[in-house]
Number of protein chains: 2
Amino acid sequence: MYFPVHWNANKLRGCEDQNMNKNPLQDYIQNFVSLTEEEAEQFVSCFEEVKVKKRQFIVQPGFTNKHRSFVVKGAFRTYAVLDDGQEHTLQFAIENWWVSDFNSYLYQHPATLFIVALEDSTILRIEYSKEQELKESNHKFETFFRIMAEKGLAFEHRRILFDLTHDAEARYENFLLNYANFIQRVPQYALASYLGMSTEFLSRIRNKRIRKKS
Amino acid sequence: MYFPVHWNANKLRGCEDQNMNKNPLQDYIQNFVSLTEEEAEQFVSCFEEVKVKKRQFIVQPGFTNKHRSFVVKGAFRTYAVLDDGQEHTLQFAIENWWVSDFNSYLYQHPATLFIVALEDSTILRIEYSKEQELKESNHKFETFFRIMAEKGLAFEHRRILFDLTHDAEARYENFLLNYANFIQRVPQYALASYLGMSTEFLSRIRNKRIRKKS
DNA sequence: CGGTAGTTCAAGAAAAAAGGTTGATCTAGT
DNA sequence: ACTAGATCAACCTTTTTTCTTGAACTACCG
C-alpha cells in the first residue's frame, strides 16, 4: 500500500521495488523478547507495510498520529515549527528505528510535530488500538513495548544532558562519532536544527574540520 | 496562525506580508445576504486565519475534513488519486473561492480527496460545528450557506454537461475563456487532469493554438 | 478499412526549488 | 575586548519538477 500523499503521482512510477526479504521487524523484536514462531507472526501481522515518497509527511500538526511506524527502508525527520517559523528537529530515524509524534500517538491527540520522509521509504506501521490489543493479549508484547519506551527515555536523557553540557562543535563531533551512518543521509539544515545551531554555523564547523585534516 | 505544514521553514521568511485590508470574507458574504455590522462581525469571528505553504496539504484521505475554507490569497487544487495512481483534479480554488472535500465535510467522514496549496496561501476556515451553530443562530446565515450550496450545485451541473458534450480542445478553450485568471496559476498537469486529458495532449493543444495565432 | 481523437512511453529541455557556502555585520555573556 | 554563535544577503550547485516532443499504439466511427 502506498501512503496516500503525493504531490504528483507520476513520481510514484518506478518506486515499486519489491524487497521481499524476510520481515525485518520479526528479527528486530526477537532481539528484545523471545517469541515463538506463531507469536512472531501474530506480531508482524498487526503491521501494515506502507511506502512513502521522499518529502512526504506521515504526520502533520492538527492530524492525530494514529500509527507507530518501524522504518524498514529510508529515512525520516521529526520536527517542530515554532510560531516564528523556526524549525527544531527532534529525531531522525533510519532503518530499524521507530518513528511517531509520540505525544500525539500515546494520547491520541492531534499532533504538533511534522514527520517527513527524507528519502523514498518503506515503513511497517501499527494502529494505536491494534497495539493495545497486542499488549493485552500477551505479556511478551507488553514487555517489548515497555523496553522500547525505556530505551527511548534513556536515549533522550543522554541527549539532553550531552547537549546541555557541550558547545556546537562538540555536539557535531559527537553526532559524527555516534551516528556516522546518518550523516550522509540527513540534509545539513536538518542536522543543524537537530544539534541546535544555525545551518551557516554548521557549515563553518564542517569546513574548519576539513581544512584541519588537510 | 500558520498552517502547521511546511517542509523547510526557511522558505517562510518573506511570506509575512500583512495584507490587513478589511476582511475579504465580510465583503464576500454581503454579496449574498445583507448583514448588519454586528452580524457580519459575528460571522467572520467564527473563522480562523491560516497560512499554508505551497505544496502543503490541507486535506488528505483518511482524515476527516473538519473545516470549510475560504481562500483569501493563493490557490488550491482538489484531486483524487485512483488505485492505479492516476490523478483527477476536481476543483481549483483561488481568491474568493471555497475549498473542502465536500463529502467529507458534510458528512464528517474521512476524506477521499487531497487538497493541496499550489502557492503560498492564506485561508479563512470555519469548523464544522461552528458552522452549524451559525446557521441555527440566524436565518441569514442559513440562507448564505444555502446559496453557496445551490451555486455550487449549479456550477457542477454546467461543468458535467459541458464536459460530456465537448472534445478536449473545446474544453480547454472553454476553460481559457471562463477562467483565464486561473491559467497562469495552475500547473499544466493539473489542468490536464481537470479537463480530462493527458498532459501531453494538452501540451499539443496549446502549441497548436499558438502556432495558429502567429 | 482508413481517419479522428486521444493515450502511453521515453527522452530531453527548461524552469523552479532545495540545499549549501561565504562574507559581513551583529549580539550576549564572560 | 573576546568568544560562541546568530542573522542577513548574495551566490552557487544540485536536484526536482514541469513541460515538450516524437513515435508508436488504441478505440471507435463511418
Side-chain angles (χ1 to χ4, degrees), chain A residues 6-16 53-56 75 77 79 82 84-89 116-120 163-173 183-211, chain B residues 6-16 53-56 75 77 79 82 84-89 116-120 163-173 183-211:
Chain A
H6 28 75
W7 167 251
N8 181 341
N10 285 315
K11 306 307 155 6
L12 277 173
R13 290 183 209 142
C15 163
E16 292 90 356
K53 289 284 299 170
K54 180 171 177 175
R55 257 160 240 246
Q56 288 164 0
R77 171 183 173 227
Y79 65 101
L82 308 192
D84 64 358
Q86 266 207 261
E87 292 185 4
H88 294 276
T89 299
V116 73
L118 297 172
E119 310 170 356
D120 293 351
D163 286 359
L164 246 30
T165 53
H166 294 78
D167 68 6
E169 187 161 359
R171 297 198 301 275
Y172 174 67
E173 295 286 356
I183 282 285
Q184 312 88 328
R185 301 176 67 178
V186 312
Q188 231 164 278
Y189 67 82
L191 179 56
S193 85
Y194 178 84
L195 296 175
M197 66 187 84
S198 65
T199 67
E200 294 95 332
F201 197 62
L202 177 55
S203 174
R204 287 180 177 113
I205 289 175
R206 299 183 75 232
N207 276 333
K208 201 166 62 175
R209 297 184 76 253
I210 293 164
R211 264 183 263 108
Chain B
H6 27 71
W7 166 250
N8 181 340
N10 285 315
K11 306 310 157 3
L12 276 174
R13 289 183 210 143
C15 164
E16 293 89 357
K53 290 284 299 171
K54 179 168 178 176
R55 255 162 241 249
Q56 288 165 357
R77 170 182 175 228
Y79 64 101
L82 307 192
D84 64 358
Q86 266 207 260
E87 292 185 4
H88 293 276
T89 300
V116 71
L118 295 172
E119 308 170 357
D120 292 353
D163 286 0
L164 247 30
T165 53
H166 293 78
D167 68 6
E169 186 160 0
R171 296 199 301 274
Y172 174 67
E173 295 287 355
I183 284 284
Q184 312 87 330
R185 301 176 65 181
V186 312
Q188 231 164 280
Y189 67 81
L191 179 56
S193 85
Y194 178 84
L195 296 175
M197 66 187 85
S198 66
T199 68
E200 294 95 331
F201 197 62
L202 177 54
S203 174
R204 288 180 176 113
I205 288 175
R206 298 182 76 231
N207 278 333
K208 199 164 65 173
R209 297 184 75 254
I210 292 163
R211 267 184 259 108

Next on the checklist: On the nucleotide C/dT7, are OP1 or OP2 found under 4.0 Å from the side-chain N or O atoms that B/Ser198 carries?
Outcome noted: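 For C/dT7, OP1/OP2 do have a side-chain N/O of B/Ser198 under 4.0 Å.
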Return the value, rounded to whole Å, for the distance between atom [atom1] of [X] and atom [atom2] of [N].
| X | N | atom1 | atom2 | result |
| --- | --- | --- | --- | --- |
| B/Ile205 | C/dA5 | CD1 | C1' | 10 Å |
| B/Leu202 | C/dA5 | CG | C1' | 15 Å |
| B/Lys208 | C/dG6 | NZ | P | 9 Å |
| B/Asp84 | C/dC9 | CG | P | 11 Å |
| B/Met197 | D/dT26 | CE | P | 22 Å |
| B/Ile183 | D/dT18 | CD1 | P | 16 Å |
| B/Tyr189 | C/dC9 | OH | P | 19 Å |
| B/Gln184 | D/dT18 | CD | P | 17 Å |

Closest to the [X] side chain: [options]?
| X | options | result |
| --- | --- | --- |
| B/Asp167 | C/dG6, C/dT21, D/dG5 | C/dG6 |
| B/Phe201 | D/dT20, C/dG6, D/dC19 | C/dG6 |
| B/Arg206 | C/dT21, C/dG6, D/dT20 | D/dT20 |
| B/Gln188 | C/dT22, D/dT20, D/dG5 | D/dT20 |

Item to check | Reported CG-to-NZ distance for the pair B/Leu118 and B/Lys54, which is rounded to 0.5 angstrom | outcome: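 Going from CG on B/Leu118 over to NZ on B/Lys54, the span is 8.0 Å.
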Next on the checklist: Set out, in order, the CA-CA distance, both residues' side-chain angles and the distance that settles side chain to side chain contact (heavy atoms under 4.5 Å, CB included) for A/Arg206 and A/Gln188, then state yes or no.
Outcome noted: CA-CA 10 Å; A/Arg206 299 183 75 232; A/Gln188 231 164 278; 2.4 Å; yes
Scan nucleotides 9-15 of chain D against the protein and return all N/O pairs shorter than 3.5 Å with their distances rounded to 0.1 Å.
none

Item to check | salt bridge (charged side-chain N to carboxylate O under 4.0 Å, His left out): pairs with one or both residues in residues 183-193 of chain B, sequence neighbours excluded | outcome: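 As it turns out, the salt bridge (charged side-chain N to carboxylate O under 4.0 Å, His left out) pairs with a partner in residues 183-193 of chain B, which skip direct neighbours, are B/Glu95-B/Arg185, B/Glu119-B/Arg185.
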Next on the checklist: Applying salt bridge (charged side-chain N to carboxylate O under 4.0 Å, His left out) as the test, list every pair that has at least one member in residues 187-201 of chain B; sequence neighbours left out.
Outcome noted: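 Every pair satisfying salt bridge (charged side-chain N to carboxylate O under 4.0 Å, His left out) with a residue in residues 187-201 of chain B: there are none.
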Check [X] against [Y] and note the closest heavy-atom contact, atom names and distance.
| X | Y | answer |
| --- | --- | --- |
| B/Tyr172 | B/Leu195 | CA-CD1, 3.8 Å |
| A/Asp120 | A/Lys53 | OD2-NZ, 3.2 Å |
| A/Arg171 | A/Asp163 | CD-OD1, 3.5 Å |

Item to check | salt bridge (Lys or Arg N to Asp or Glu O under 4.0 Å) partners of B/Asp167, counting only residues at least two apart | outcome: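 Expected list: none.
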Checklist entry - At what angle, to 10 degrees, do the two end axes of the helix from C/dC1-D/dG30 to C/dT30-D/dA1 meet, given five pairs define each axis? => result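 Computed angle between terminal axes is 30°.
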Item to check | side-chain hydrogen bond (donor to acceptor under 3.5 Å, both in side chains) partners for A/Thr89, two or more places apart | outcome: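 Result, side-chain hydrogen bond (donor to acceptor under 3.5 Å, both in side chains) vs A/Thr89: A/Arg77, A/Ser193.
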Checklist entry - With sequence neighbours excluded, what pairs up with B/Ala192 under the side-chain contact (heavy atoms from CB on, under 4.5 Å) test? => result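 Per chain and number, B/Ala192 pairs via side-chain contact (heavy atoms from CB on, under 4.5 Å) with B/Met197, B/Thr199, B/Leu202.
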Checklist entry - So do B/Lys208 and B/Glu169 actually touch side chain to side chain, heavy atoms under 4.5 Å? => result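 Contact flag for B/Glu169/B/Lys208 side chains = yes.
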Check: protein-nucleotides 25-30 of chain C nitrogen or oxygen pairs below 3.5 Å:
none

Checklist entry - Can a donor-acceptor pair under 3.5 Å be found between the side-chain atoms of A/Arg204 and the base atoms of C/dG20? => result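 Per atom types, no contact qualifies.
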Item to check | Any residue meeting ring-ring contact (aromatic ring centres under 6.0 Å, His included) with B/His166, in chain and number order, not counting sequence neighbours | outcome: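 Result, ring-ring contact (aromatic ring centres under 6.0 Å, His included) vs B/His166: B/Phe162.
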